[in-house]
Amino acid sequence: MPSKFGTPTDPDYLERLAEFEARVTRGEKIEPGDWMPEEYRRQLVRMISQHAHSEVVGMLPEGAWIGRAPSLKRKMILIAKVQDEAGHGQYLYHAAETLGVSREEMLQALLSGKAKYSSIFNYPTLTWADIGTIGWLVDGAAIKNQTMLAGCSYGPYSRAMVRICAEETFHHKQGKEMVMLYAKGSALQRQMAQDAINRWWWPALMMLGPHDSDSPNSGMLTKWGVKTKSNDTVRQEFINEHAPEILASGLTLPDPDLHQDADGNWRHGPINWDEFRAVVKGNGPMNKERLEARQKAYAEGAWVREALEAYAARKKQIPVAV
Ligand code: 3HC
(Lines give C-alpha, C1' and ligand atoms only; values in the text may rest on other atoms or scores of the structure.)
Protein backbone atom coordinates (compact mmCIF):
# COMPACT_ATOMS: atom_id res chain seq x y z
CA MET A 1 0.00 0.00 0.00
CA PRO A 2 1.83 3.19 -1.12
CA SER A 3 2.24 5.81 1.60
CA LYS A 4 -0.29 8.59 1.48
CA PHE A 5 2.60 10.97 2.21
CA GLY A 6 4.71 11.03 -0.97
CA THR A 7 8.40 11.93 -1.26
CA PRO A 8 10.28 12.80 -4.48
CA THR A 9 12.09 9.42 -4.42
CA ASP A 10 8.80 7.52 -4.81
CA PRO A 11 8.52 6.02 -8.33
CA ASP A 12 5.04 7.50 -8.90
CA TYR A 13 5.73 10.80 -7.10
CA LEU A 14 5.56 13.12 -10.11
CA GLU A 15 2.33 11.65 -11.39
CA ARG A 16 0.66 11.81 -7.96
CA LEU A 17 2.04 15.32 -7.35
CA ALA A 18 0.50 16.53 -10.63
CA GLU A 19 -2.86 15.05 -9.57
CA PHE A 20 -2.57 16.62 -6.09
CA GLU A 21 -1.73 20.06 -7.52
CA ALA A 22 -4.60 19.81 -10.01
CA ARG A 23 -6.96 19.13 -7.09
CA VAL A 24 -5.65 22.16 -5.20
CA THR A 25 -6.00 24.33 -8.33
CA ARG A 26 -9.60 23.17 -8.71
CA GLY A 27 -10.23 24.33 -5.13
CA GLU A 28 -10.82 20.80 -3.81
CA LYS A 29 -10.15 20.17 -0.12
CA ILE A 30 -7.38 17.70 0.68
CA GLU A 31 -8.64 15.36 3.39
CA PRO A 32 -6.70 13.27 5.96
CA GLY A 33 -6.88 10.00 3.99
CA ASP A 34 -5.82 11.60 0.67
CA TRP A 35 -2.39 11.39 -0.96
CA MET A 36 -0.28 14.47 -0.26
CA PRO A 37 3.40 15.40 -0.56
CA GLU A 38 5.27 14.82 2.70
CA GLU A 39 6.44 18.47 2.53
CA TYR A 40 2.80 19.61 2.47
CA ARG A 41 2.14 17.45 5.57
CA ARG A 42 5.28 18.72 7.34
CA GLN A 43 4.39 22.36 6.70
CA LEU A 44 0.81 21.86 7.89
CA VAL A 45 1.96 20.13 11.09
CA ARG A 46 4.36 23.02 11.71
CA MET A 47 1.80 25.74 11.06
CA ILE A 48 -1.30 24.17 12.67
CA SER A 49 0.52 22.99 15.81
CA GLN A 50 2.11 26.43 16.28
CA HIS A 51 -1.29 27.99 15.77
CA ALA A 52 -2.70 25.69 18.47
CA HIS A 53 0.17 26.56 20.82
CA SER A 54 -0.58 30.25 20.19
CA GLU A 55 -4.21 29.84 21.20
CA VAL A 56 -3.29 28.11 24.47
CA VAL A 57 -0.40 30.44 25.37
CA GLY A 58 -2.65 33.34 24.32
CA MET A 59 -4.92 32.54 27.28
CA LEU A 60 -2.20 33.63 29.71
CA PRO A 61 -2.00 37.42 29.09
CA GLU A 62 -5.79 37.84 29.34
CA GLY A 63 -6.36 35.16 31.98
CA ALA A 64 -4.19 37.21 34.34
CA TRP A 65 -6.94 39.87 34.41
CA ILE A 66 -10.03 37.69 35.00
CA GLY A 67 -9.74 38.20 38.78
CA ARG A 68 -9.30 41.96 38.32
CA ALA A 69 -12.07 42.76 35.84
CA PRO A 70 -13.75 46.09 36.77
CA SER A 71 -17.31 44.71 36.59
CA LEU A 72 -19.23 41.44 36.55
CA LYS A 73 -20.14 42.06 32.90
CA ARG A 74 -16.50 42.53 31.86
CA LYS A 75 -15.48 39.52 33.97
CA MET A 76 -18.07 37.29 32.25
CA ILE A 77 -17.03 38.50 28.78
CA LEU A 78 -13.34 37.87 29.51
CA ILE A 79 -14.02 34.40 30.97
CA ALA A 80 -16.01 33.50 27.84
CA LYS A 81 -13.22 34.77 25.58
CA VAL A 82 -10.44 32.90 27.38
CA GLN A 83 -12.55 29.72 27.35
CA ASP A 84 -13.04 30.17 23.60
CA GLU A 85 -9.26 30.35 23.10
CA ALA A 86 -8.84 27.05 24.93
CA GLY A 87 -11.41 25.52 22.59
CA HIS A 88 -9.62 26.96 19.55
CA GLY A 89 -6.46 25.26 20.75
CA GLN A 90 -8.31 21.91 20.94
CA TYR A 91 -9.77 22.25 17.42
CA LEU A 92 -6.31 22.99 16.07
CA TYR A 93 -4.49 20.22 17.95
CA HIS A 94 -7.12 17.81 16.60
CA ALA A 95 -6.65 19.17 13.08
CA ALA A 96 -2.90 18.61 13.39
CA GLU A 97 -3.43 15.09 14.75
CA THR A 98 -5.21 14.14 11.49
CA LEU A 99 -1.74 14.46 9.89
CA GLY A 100 -0.25 11.73 12.04
CA VAL A 101 1.41 13.78 14.77
CA SER A 102 0.50 13.01 18.41
CA ARG A 103 -0.68 15.53 20.97
CA GLU A 104 2.24 14.56 23.19
CA GLU A 105 4.78 15.24 20.40
CA MET A 106 3.28 18.68 19.82
CA LEU A 107 3.19 19.51 23.54
CA GLN A 108 6.78 18.39 24.05
CA ALA A 109 7.86 20.55 21.10
CA LEU A 110 6.24 23.56 22.80
CA LEU A 111 7.47 22.79 26.32
CA SER A 112 11.04 22.21 25.15
CA GLY A 113 11.06 25.61 23.41
CA LYS A 114 11.52 23.91 20.00
CA ALA A 115 8.09 24.90 18.65
CA LYS A 116 7.05 28.50 18.18
CA TYR A 117 3.88 30.28 19.17
CA SER A 118 2.76 33.75 18.16
CA SER A 119 5.16 36.54 19.08
CA ILE A 120 2.24 38.70 20.18
CA PHE A 121 1.71 36.73 23.39
CA ASN A 122 5.17 37.55 24.68
CA TYR A 123 4.15 41.08 25.60
CA PRO A 124 2.81 41.95 29.09
CA THR A 125 -0.74 43.07 29.86
CA LEU A 126 0.01 46.05 32.12
CA THR A 127 -3.45 47.57 32.62
CA TRP A 128 -7.09 46.61 32.10
CA ALA A 129 -7.13 48.68 28.90
CA ASP A 130 -4.75 46.08 27.42
CA ILE A 131 -7.61 43.57 27.53
CA GLY A 132 -9.78 45.69 25.27
CA THR A 133 -6.84 46.52 23.04
CA ILE A 134 -5.95 42.83 22.63
CA GLY A 135 -9.55 42.14 21.58
CA TRP A 136 -9.55 45.01 19.08
CA LEU A 137 -6.02 44.66 17.64
CA VAL A 138 -4.82 41.08 18.28
CA ASP A 139 -8.12 39.37 17.59
CA GLY A 140 -8.64 41.85 14.76
CA ALA A 141 -5.36 40.74 13.19
CA ALA A 142 -6.21 37.09 13.91
CA ILE A 143 -9.54 37.46 12.08
CA LYS A 144 -7.79 38.79 8.96
CA ASN A 145 -5.31 35.92 9.05
CA GLN A 146 -7.82 33.21 9.94
CA THR A 147 -10.39 34.38 7.38
CA MET A 148 -7.61 33.90 4.82
CA LEU A 149 -6.88 30.42 6.21
CA ALA A 150 -10.57 29.45 6.06
CA GLY A 151 -9.89 29.08 2.31
CA CYS A 152 -6.96 26.75 3.01
CA SER A 153 -6.64 23.59 0.85
CA TYR A 154 -6.44 21.25 3.87
CA GLY A 155 -10.01 20.36 4.90
CA PRO A 156 -9.67 19.99 8.70
CA TYR A 157 -7.73 23.29 9.01
CA SER A 158 -10.11 25.18 6.75
CA ARG A 159 -13.15 23.95 8.70
CA ALA A 160 -11.53 24.73 12.06
CA MET A 161 -10.95 28.30 10.82
CA VAL A 162 -14.61 28.77 9.88
CA ARG A 163 -15.66 27.79 13.42
CA ILE A 164 -12.93 29.87 15.08
CA CYS A 165 -13.62 33.02 13.04
CA ALA A 166 -17.24 33.01 14.19
CA GLU A 167 -16.06 33.26 17.81
CA GLU A 168 -13.24 35.72 17.01
CA THR A 169 -15.79 38.31 15.86
CA PHE A 170 -17.24 38.35 19.40
CA HIS A 171 -13.70 38.76 20.79
CA HIS A 172 -13.01 41.61 18.38
CA LYS A 173 -16.30 43.45 18.97
CA GLN A 174 -16.04 43.37 22.77
CA GLY A 175 -12.49 44.74 22.64
CA LYS A 176 -13.36 47.50 20.18
CA GLU A 177 -16.40 48.53 22.26
CA MET A 178 -14.30 48.70 25.43
CA VAL A 179 -11.49 50.81 23.96
CA MET A 180 -13.89 53.19 22.19
CA LEU A 181 -15.75 53.69 25.49
CA TYR A 182 -12.50 54.51 27.27
CA ALA A 183 -11.42 56.82 24.45
CA LYS A 184 -14.54 58.90 25.20
CA GLY A 185 -14.29 58.35 28.95
CA SER A 186 -12.40 60.08 31.77
CA ALA A 187 -8.94 61.50 31.22
CA LEU A 188 -7.47 58.48 33.04
CA GLN A 189 -9.43 56.02 30.87
CA ARG A 190 -8.35 57.84 27.72
CA GLN A 191 -4.73 57.83 28.84
CA MET A 192 -4.87 54.09 29.68
CA ALA A 193 -6.41 53.30 26.28
CA GLN A 194 -3.83 55.41 24.44
CA ASP A 195 -0.98 53.78 26.37
CA ALA A 196 -2.28 50.31 25.47
CA ILE A 197 -2.70 51.19 21.76
CA ASN A 198 0.87 52.57 21.75
CA ARG A 199 2.23 49.30 23.18
CA TRP A 200 0.20 46.82 21.10
CA TRP A 201 0.05 48.44 17.63
CA TRP A 202 3.47 47.41 16.32
CA PRO A 203 3.45 43.86 17.87
CA ALA A 204 0.04 43.37 16.19
CA LEU A 205 1.58 44.22 12.79
CA MET A 206 4.48 41.83 13.49
CA MET A 207 2.20 38.91 14.50
CA LEU A 208 1.09 38.60 10.86
CA GLY A 209 4.56 37.37 9.96
CA PRO A 210 7.69 38.76 8.31
CA HIS A 211 7.63 40.72 5.05
CA ASP A 212 6.90 38.48 2.06
CA SER A 213 10.52 38.93 0.94
CA ASP A 214 11.63 37.41 4.25
CA SER A 215 9.05 34.60 4.51
CA PRO A 216 10.76 31.29 3.64
CA ASN A 217 7.62 29.15 4.07
CA SER A 218 5.22 31.31 2.05
CA GLY A 219 6.26 30.06 -1.39
CA MET A 220 5.30 26.44 -0.81
CA LEU A 221 2.30 27.34 1.37
CA THR A 222 0.92 29.58 -1.38
CA LYS A 223 1.71 27.11 -4.20
CA TRP A 224 -0.22 24.36 -2.42
CA GLY A 225 -3.13 26.54 -1.35
CA VAL A 226 -2.48 26.69 2.41
CA LYS A 227 -1.96 30.47 2.39
CA THR A 228 -4.37 32.19 0.02
CA LYS A 229 -2.90 35.66 0.69
CA SER A 230 0.62 36.80 1.57
CA ASN A 231 1.72 38.07 4.99
CA ASP A 232 1.96 41.64 3.66
CA THR A 233 -1.48 41.51 2.03
CA VAL A 234 -3.12 40.35 5.28
CA ARG A 235 -1.19 43.02 7.20
CA GLN A 236 -2.39 45.72 4.80
CA GLU A 237 -6.00 44.55 5.19
CA PHE A 238 -5.61 44.77 8.97
CA ILE A 239 -4.14 48.31 8.84
CA ASN A 240 -6.72 49.55 6.32
CA GLU A 241 -9.53 48.52 8.68
CA HIS A 242 -8.05 49.45 12.05
CA ALA A 243 -6.02 52.63 11.47
CA PRO A 244 -8.98 54.84 10.47
CA GLU A 245 -11.21 53.38 13.21
CA ILE A 246 -8.65 54.01 15.94
CA LEU A 247 -8.03 57.57 14.69
CA ALA A 248 -11.82 58.15 14.48
CA SER A 249 -12.11 57.14 18.16
CA GLY A 250 -9.92 60.13 19.03
CA LEU A 251 -6.84 58.07 19.86
CA THR A 252 -3.55 58.34 17.96
CA LEU A 253 -1.24 55.65 16.53
CA PRO A 254 2.47 55.37 17.41
CA ASP A 255 3.58 55.71 13.78
CA PRO A 256 4.54 59.23 12.62
CA ASP A 257 4.91 57.92 9.05
CA LEU A 258 1.35 56.51 8.88
CA HIS A 259 -0.60 58.07 6.00
CA GLN A 260 -3.23 57.15 3.47
CA ASP A 261 -2.02 56.94 -0.13
CA ALA A 262 -3.92 57.84 -3.29
CA ASP A 263 -5.29 54.28 -3.53
CA GLY A 264 -6.77 54.53 -0.03
CA ASN A 265 -4.22 52.18 1.55
CA TRP A 266 -2.81 53.21 4.92
CA ARG A 267 0.98 53.13 4.58
CA HIS A 268 2.94 52.44 7.78
CA GLY A 269 6.45 53.34 8.85
CA PRO A 270 9.31 50.81 9.17
CA ILE A 271 8.58 47.76 11.36
CA ASN A 272 11.27 46.89 13.90
CA TRP A 273 12.11 43.40 12.57
CA ASP A 274 15.06 43.14 14.97
CA GLU A 275 12.52 43.28 17.82
CA PHE A 276 10.38 40.66 16.01
CA ARG A 277 13.33 38.30 15.54
CA ALA A 278 14.39 38.76 19.17
CA VAL A 279 10.89 37.91 20.44
CA VAL A 280 10.59 34.91 18.08
CA LYS A 281 14.00 33.71 19.29
CA GLY A 282 12.74 33.73 22.89
CA ASN A 283 14.08 37.10 24.04
CA GLY A 284 10.80 39.00 24.30
CA PRO A 285 9.50 40.67 27.50
CA MET A 286 7.46 37.64 28.64
CA ASN A 287 8.80 34.58 26.77
CA LYS A 288 10.33 33.02 29.91
CA GLU A 289 7.15 33.48 31.98
CA ARG A 290 4.90 32.11 29.22
CA LEU A 291 6.94 28.94 28.73
CA GLU A 292 7.30 28.39 32.50
CA ALA A 293 3.53 28.75 32.92
CA ARG A 294 2.92 26.08 30.25
CA GLN A 295 5.56 23.77 31.75
CA LYS A 296 3.96 24.19 35.22
CA ALA A 297 0.47 23.48 33.83
CA TYR A 298 1.77 20.35 32.08
CA ALA A 299 3.40 19.09 35.30
CA GLU A 300 0.30 19.81 37.39
CA GLY A 301 -1.88 18.02 34.82
CA ALA A 302 0.15 14.78 34.99
CA TRP A 303 -2.41 13.14 37.30
CA VAL A 304 -5.17 13.64 34.69
CA ARG A 305 -3.08 11.98 31.98
CA GLU A 306 -2.15 9.12 34.32
CA ALA A 307 -5.82 8.59 35.30
CA LEU A 308 -6.89 8.53 31.64
CA GLU A 309 -4.12 6.07 30.75
CA ALA A 310 -5.05 3.82 33.70
CA TYR A 311 -8.70 3.92 32.69
CA ALA A 312 -7.87 3.09 29.05
CA ALA A 313 -5.62 0.19 30.17
CA ARG A 314 -8.34 -1.12 32.52
CA LYS A 315 -10.96 -0.92 29.78
CA LYS A 316 -8.75 -3.07 27.56
CA GLN A 317 -8.50 -5.75 30.27
CA ILE A 318 -12.24 -5.96 30.95
CA PRO A 319 -13.93 -8.28 28.39
CA VAL A 320 -16.84 -6.50 26.75
CA ALA A 321 -20.10 -8.09 27.88
CA VAL A 322 -21.77 -9.63 24.79
N1 3HC B 1 5.34 34.66 15.90
C2 3HC B 1 6.23 33.64 15.99
N3 3HC B 1 6.85 33.11 14.91
C4 3HC B 1 6.54 33.61 13.71
C5 3HC B 1 5.60 34.65 13.53
C6 3HC B 1 5.01 35.18 14.70
N7 3HC B 1 4.13 36.17 14.64
N8 3HC B 1 5.50 34.93 12.21
C9 3HC B 1 6.35 34.09 11.59
N10 3HC B 1 6.97 33.32 12.49
C11 3HC B 1 7.98 32.30 12.21
C12 3HC B 1 7.37 31.16 11.41
O13 3HC B 1 6.81 30.19 12.29
C14 3HC B 1 8.60 30.65 10.67
O15 3HC B 1 9.40 29.88 11.55
P16 3HC B 1 9.40 28.26 11.47
O17 3HC B 1 9.65 27.91 10.02
O18 3HC B 1 10.49 27.84 12.39
O19 3HC B 1 8.03 27.82 11.94
C20 3HC B 1 9.41 31.92 10.42
O21 3HC B 1 8.96 32.88 11.37
C22 3HC B 1 9.30 32.45 8.99
O23 3HC B 1 8.04 33.03 8.82
P24 3HC B 1 7.12 32.60 7.58
O25 3HC B 1 6.37 33.80 7.13
O26 3HC B 1 7.92 31.86 6.55
O27 3HC B 1 6.17 31.60 8.33
P28 3HC B 1 4.68 31.23 7.96
O29 3HC B 1 4.56 30.98 6.49
O30 3HC B 1 4.32 30.18 8.90
O31 3HC B 1 3.82 32.58 8.23
C32 3HC B 1 2.16 33.12 9.89
C33 3HC B 1 3.66 33.07 9.56
C34 3HC B 1 1.49 34.14 8.96
C35 3HC B 1 1.99 33.51 11.37
C36 3HC B 1 1.60 31.73 9.62
O37 3HC B 1 2.34 30.81 10.36
C38 3HC B 1 0.13 31.57 10.00
O39 3HC B 1 -0.74 32.10 9.34
N40 3HC B 1 -0.10 30.80 11.07
C41 3HC B 1 -1.46 30.45 11.45
C42 3HC B 1 -2.10 31.55 12.27
C43 3HC B 1 -1.42 31.72 13.61
O44 3HC B 1 -0.60 30.96 14.01
N45 3HC B 1 -1.77 32.80 14.30
C46 3HC B 1 -1.12 33.06 15.58
C47 3HC B 1 -1.99 33.85 16.46
S48 3HC B 1 -3.24 32.85 17.17
C49 3HC B 1 -4.32 34.02 17.62
O50 3HC B 1 -4.26 35.07 17.11
C51 3HC B 1 -5.33 33.69 18.64
C52 3HC B 1 -6.41 34.71 18.68
O53 3HC B 1 -7.49 34.15 19.37
C54 3HC B 1 -5.98 35.97 19.35
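In each ligand, atom 1 is the first atom listed, and ligand 1 is the first ligand listed. Predicted model, so just to flag it, every value in this text is computed and none were measured. FYI, side chains are in, hydrogens and waters are out, and symmetry mates aren't considered; it's all heavy atoms of this structure.
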Quiz item: Does at least one non-hydrogen atom of Lys227 fall below 4.0 angstrom from an atom of ligand 1?
Solution: yes

Self-check item: Under 3.5 Å: donor-acceptor pair, side chain of Arg23, backbone of Glu28
Solution: no

Exercise. Using a distance threshold of 4.0 Å (strictly less than), state whether atom 18 (O) of ligand 1 has a protein heavy-atom neighbour.
Key: yes

Self-check item: N/O separation below 3.5 Å, Ser54 to ligand 1
Solution: no

Quiz item: Taking C-beta and beyond as the side chain, do Trp202 and Asn272 meet within less than 4.5 Å on heavy atoms?
Solution: no

Practice problem: Using a strict cut-off of less than 4.0 Å between a Lys/Arg side-chain nitrogen and an Asp/Glu carboxylate oxygen, indicate whether Arg277 and Asp214 qualify as a salt bridge. | Solution: yes

Quiz item: Should Asn231 be counted as touching ligand 1, given the test is an N or O pair under 3.5 Å?
Solution: yes

Quiz item: Between Lys288 and Glu292, is there a side-chain N and carboxylate O pair less than 4.0 Å apart?
Solution: yes

Quiz item: Do any heavy atoms of Leu149 fall under 4.0 Å from ligand 1?
Solution: yes

Exercise. Kindly confirm or rule out an N or O of Tyr157 lying under 3.5 angstrom from an N or O of ligand 1.
Key: no

Quiz item: Is the shortest side-chain N to carboxylate O distance from Glu177 to Arg74 below 4.0 Å?
Solution: yes

Quiz item: So which heavy atom in the protein is nearest atom 42 (C) of ligand 1, and how far is it from that ligand atom?
Solution: Asn145 OD1, 3.2 Å

Quiz item: Does an N or O from Lys81, backbone or side chain, lie closer than 3.5 Å to an N or O of ligand 1?
Solution: no

Practice problem: Output the list of atoms in ligand 1 that are nearer than 4.0 Å to some heavy atom of Tyr117, sorted by atom number. | Solution: 1 (N), 2 (C)

Quiz prompt | Numbered atoms of ligand 1 (with element) below 4.0 Å of Met47, judged on heavy atoms | solution = 37 (O), 38 (C), 39 (O), 40 (N)

Practice problem: Evaluate side chain to side chain donor-acceptor pair (under 3.5 Å) for His171 paired with His88, printing each intermediate quantity in order. | Solution: CA-CA 13 Å; His171 301 170; His88 298 175; 5.1 Å; no

Quiz item: Which atoms form the tightest heavy-atom contact between Ala183 and Ser249, and what is the distance?
Solution: CB-O, 3.4 Å

Self-check item: Glu85 neighbourhood, listing ligand 1 atoms whose heavy-atom distance to it stays under 4.0 Å
Solution: 53 (O)

Self-check item: Contact check: Asn217 vs ligand 1, nitrogen or oxygen atoms, below 3.5 angstrom
Solution: yes

Self-check item: Modelled atom types, side-chain donor and acceptor of Gln90 and Arg103, under 3.5 Å
Solution: yes

Quiz item: Quick one: which ligand 1 atoms are inside 4.0 Å of a heavy atom on Val280?
Solution: 2 (C), 3 (N)

Self-check item: Taking atom 12 (C) of ligand 1 as the reference point, the nearest protein heavy atom with its distance
Solution: Arg46 NH1, 3.9 Å

Quiz item: Any heavy atom of Gly58 sitting closer than 4.0 Å to ligand 1?
Solution: no

Quiz item: Nearest non-hydrogen atom to atom 49 (C) of ligand 1 belongs to which of Ala142, Gly89, Ser215?
Solution: Ala142

Practice problem: Flag this pair as yes if the NZ/CZ of Arg305 is under 6.0 angstrom from the six-membered ring centre of Tyr298 and inside a 45 degree cone about the axis; otherwise no. | Solution: yes

Quiz item: Do ligand 1 and Gln50 have nitrogen or oxygen atoms that lie under 3.5 Å from each other?
Solution: yes

Exercise. Side-chain contact test, heavy atoms from C-beta onward, threshold under 4.5 Å: evaluate it for Arg267 versus Gln236 and give yes or no.
Key: yes

Exercise. Nearest heavy atom to atom 35 (C) of ligand 1 wins, so pick from Lys116, Arg235, Met207.
Key: Met207

Quiz item: If you measure only the distance, is there a donor-acceptor pair under 3.5 Å linking the side chains of Arg163 and Tyr91?
Solution: yes

Quiz item: Heavy-atom distance from atom 32 (C) of ligand 1 to the protein below 4.0 Å?
Solution: no

Practice problem: Give a yes or no on whether the backbone of Gly151 and the side-chain of Thr228 come within a donor-acceptor separation of less than 3.5 Å. | Solution: no

